[in-house]
Colleague: 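Quick one: structure below, then a few questions.
Quick caveat: nothing in here was measured; it's all calculated off a predicted structure. In this chain, residues are counted from 1 in sequence order. Values below: every heavy atom of this structure, side chains too, minus hydrogens, waters and symmetry copies.
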Amino acid sequence: MTGIPKTKIETEGEAALRRLFDVANGHSGQCKIIARFLVGLYNGDRFPFDLTDFRVIDSALFDDCLAVLKMDAAPRREVHAFFPDGGHQFEKLAEDWGITDHRLMRLALKDFRERHGQPA
């Protein structure tokens, strides 16, 4: 990060991100939703997040998600870059929770169609 001081949005967003990351590594139903939210921010093309999932998390978690979204709207760094070896940690989060990688699914579908003579 540059030598520019953090804004209030960045400070609050980073603190919320760290809390959410801890939650995402927990073991409840809300934890999986938070994990899906975080990996969606990490790579939304591969791991899209359904916004209606916000309906089942508690208000404190929802507020933290909003704080992270505000920070990520104009990021100085990607969400995974806030953690050591963050790319690996976010990939592991997706793997641990069995979150579907839609890029891999699209590639598998394309391969299937090509092998079975179906149009793409």
Colleague: So do the side chains of Glu10 and Arg76 get within less than 4.5 Å of each other, counting heavy atoms only?
Modeller: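 Yes, their side chains come closer than 4.5 Å.
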Colleague: With salt bridge (Lys or Arg N to Asp or Glu O under 4.0 Å) as the test, pick out the partner of Asp64 among Arg18, Arg19, Lys70.
Modeller: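 Result: among Arg18, Arg19, Lys70, Arg19 is the only option passing the salt bridge (Lys or Arg N to Asp or Glu O under 4.0 Å) with Asp64.
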Colleague: Determine which pairs satisfy salt bridge (Lys or Arg N to Asp or Glu O under 4.0 Å) with at least one residue from residues 21-33, sequence neighbours left out, and list them in order.
Modeller: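 Counting only pairs at least two positions apart or across chains, no salt bridge (Lys or Arg N to Asp or Glu O under 4.0 Å) contact touches residues 21-33.
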Colleague: Tell me the closest heavy-atom pair linking Tyr42 and Gly87, and the distance in Å.
Modeller: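 Taking Tyr42 first and Gly87 second, the nearest heavy atoms are OH-O, 3.6 Å.
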Colleague: Residues two or more places apart in sequence or in another chain: which of them pass side chain to side chain donor-acceptor pair (under 3.5 Å) with Asp53?
Modeller: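 Listed in chain order: Arg36.
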Colleague: Tell me, do Phe83 and Leu17 make a side-chain contact under 4.5 Å, heavy atoms counted?
Modeller: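 Yes, side chains in contact.
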Colleague: Mind checking whether Phe21 and Phe90 have ring centres under 6.0 Å apart?
Modeller: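 Yes, the ring centres sit under 6.0 Å apart.
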Colleague: Check for a donor-acceptor pair, side chain of Glu14 on one end and backbone N or O of Phe82 on the other, with a separation under 3.5 Å.
Modeller: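 Checking the backbone N and O of Phe82 against the side chain of Glu14, no donor-acceptor pair under 3.5 Å is found.
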Colleague: Hey, does the side chain of Trp97 reach the backbone of Ala24 with a donor-acceptor pair shorter than 3.5 angstrom?
Modeller: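 Present.
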Colleague: How would you list, by chain and number, every residue that makes a side-chain contact (heavy atoms from CB on, under 4.5 Å) with Asp85, sequence neighbours excluded?
Modeller: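 side-chain contact (heavy atoms from CB on, under 4.5 Å) list for Asp85, sorted by chain: His88.
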Colleague: Ignoring hydrogens, what is the shortest heavy-atom contact between Val23 and Cys31? Give both atom names and the distance.
Modeller: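 Heavy atoms of Val23 and Cys31 come nearest at O-SG, 3.0 Å.
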Colleague: If you measure from CE on Met71 to NZ on Lys6, what distance do you get to the nearest 0.5 Å?
Modeller: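 Answer rounded to 0.5 Å: 9.0 Å.
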Colleague: Using a strict 4.0 Å threshold on nitrogen-to-oxygen distance, state whether Glu91 and Arg46 make a salt bridge.
Modeller: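 Arg46 and Glu91: salt-bridged.
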Colleague: What residues form a side chain to side chain donor-acceptor pair (under 3.5 Å) with Asp50, not counting sequence neighbours?
Modeller: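 For Asp50 the side chain to side chain donor-acceptor pair (under 3.5 Å) partners, ignoring immediate neighbours, are Thr52.
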Colleague: To the nearest 0.5 angstrom, please state how far the CZ atom of Phe47 sits from the CG atom of Leu38.
Modeller: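 It comes to 12.0 Å.
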Colleague: So, do Leu69 and Phe37 sit near enough that their side-chain heavy atoms are less than 4.5 Å apart?
Modeller: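 Touching, per the 4.5 Å side-chain cut-off.
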Colleague: Does some side-chain heavy atom of Asp58 sit less than 4.5 Å from a side-chain heavy atom of Gln30?
Modeller: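 A side-chain contact under 4.5 Å exists here.
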Colleague: Run the ring-ring contact (aromatic ring centres under 6.0 Å, His included) test against Phe62 and tell me which residues pass, sequence neighbours left out.
Modeller: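 ring-ring contact (aromatic ring centres under 6.0 Å, His included) check on Phe62 returns Phe54.
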Colleague: Quick one: pull up CG in Leu61 and CD1 in Ile33 and give me the separation to the nearest 0.5 Å.
Modeller: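 Atom-to-atom, Leu61:CG and Ile33:CD1 are 9.5 Å apart.
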Colleague: With a 4.5 Å cut-off on side-chain heavy atoms, are Ile34 and Cys65 touching?
Modeller: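 Cys65 vs Ile34: side chains touch.
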Colleague: Run the side chain to side chain donor-acceptor pair (under 3.5 Å) test against Ser28 and tell me which residues pass, sequence neighbours left out.
Modeller: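 With sequence neighbours excluded, Ser28 shows a side chain to side chain donor-acceptor pair (under 3.5 Å) to no residue whatsoever.
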Colleague: Identify the heavy atoms of Val68 and Leu20 that sit nearest to each other, and give their distance.
Modeller: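 Closest approach of Val68 to Leu20, heavy atoms only: CG2-CD1, 3.8 Å.
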Colleague: Please report the shortest heavy-atom distance between Ala35 and Leu93, naming the atom on each side.
Modeller: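 Between these two residues, the closest heavy atoms are CB-CG, 3.9 Å.
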